[in-house]
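Presented below is the structure to which this report refers.
Each ligand, and each atom within it, is numbered from 1 in the order the structure gives. FYI, the numbering just counts along the sequence from 1.
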Amino acid sequence: MNTLSRRQALKSAGLLSAGFFLSTSLTRALAQTAAVAGPHKLPALPYSFSALEPHFDAKTMEIHHGKHHAAYVNNLNKALADYPDLQKLSPEELCKGLDKVPEKIRTAVRNNGGGHYNHSLFWQCLRKEGGNGPEGPLGEALGELFTDKEEGEKMFAEKALGVFGSGWIWISVTQDKKLMLETTPNQENPLMSGRQPLIGLDLWEHAYYLKYQNRRIDYVKAFVNLVNWEFAAERFEKITA
Ligand code: MN
């Protein structure tokens, strides 16, 4: 091959890869951390990275899902590598049964099993043009927890701001099927205390720093516009059935 044709070949290869780069699925794949073998998989986002703009920006969604959530999945698979029996359990079962997880890997499972479960639920709690509702049984139960939507949003924001460092805020369902507003540190969640999380908001800086920097309050207010109340209402009916 002479120099010119080699150069042309390299040029076409370059154009070819640029074309591939534009393909959404490949860009998405490249944005993800390589998966570690094991039973747990990173679930696909139920919408595009940019679907929640302008409230949650596409870059944050891409990194949050493809890097942070992927890392929890990978680290959970690594922690369970020598425990075939535990590999059969779902993230929910792992979170509920931490006391049965050997002490050697319990912290890793709490952090990464919690991280995997929490993020998987979080993505489903969000939707484009959310925030309307809920009606029905969940609407009634929320009415018992907060006097109205305005007071509910105010209490939610105050409690979210009160979390020092990294954690989550939840509306969860207690064992007697009442709603509860609660927060957890790190990647812990209500399952670890015998309750069912209904909706959750990630309060780690990685969830909002690119767009909102230190303004957690603006991020919490943005979340109010994205809550998938239809999902929450269906989930509430399943949990309380
Ligand atoms: Mn997160």
Practice problem: Drop me the distance from Y208's OH to L203's CG, to the nearest 0.5 angstrom. | Solution: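 Reported value, rounded in 0.5 Å steps: 7.0 Å.
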
Quiz prompt | Residue pairs fulfilling salt bridge (charged side-chain N to carboxylate O under 4.0 Å, His left out) with at least one residue in residues 210-221, sequence neighbours excluded | solution =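 Non-adjacent pairs meeting salt bridge (charged side-chain N to carboxylate O under 4.0 Å, His left out): R215-D218.
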
Exercise. Taking all non-hydrogen atoms of both residues into account, name the closest pair between H116 and L76 and its distance.
Key: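 For H116 and L76, the tightest heavy-atom pair comes out as CD2-CD2, 4.1 Å.
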
Exercise. Run through N75, N112, L94, N74 and flag the one making a side chain to side chain contact (heavy atoms under 4.5 Å, CB included) with H40.
Key: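 It is L94, the one option of N75, N112, L94, N74 that forms the side chain to side chain contact (heavy atoms under 4.5 Å, CB included) with H40.
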
Validation: residues 134-141 side-chain donor-acceptor distances under 3.5 Å, sequence neighbours left out:
none

Ignoring hydrogens and angles, write down the donor-acceptor pairs under 3.5 Å from the side chains of residues 155-172, residues two or more places apart or on other chains.
residue, atom, partner, partner atom, Å
W168, NE1, Q187, OE1, 2.8
W170, NE1, T184, OG1, 2.9
S172, OG, E182, OE2, 2.5

Quiz item: Taking the Mn ion (ligand 1) as the centre, how many protein N/O/S atoms fall inside a distance shorter than 2.8 Å?
Solution: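 Step by step: take the Mn ion (ligand 1), keep protein N, O, S below 2.8 Å, and you get 4.
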
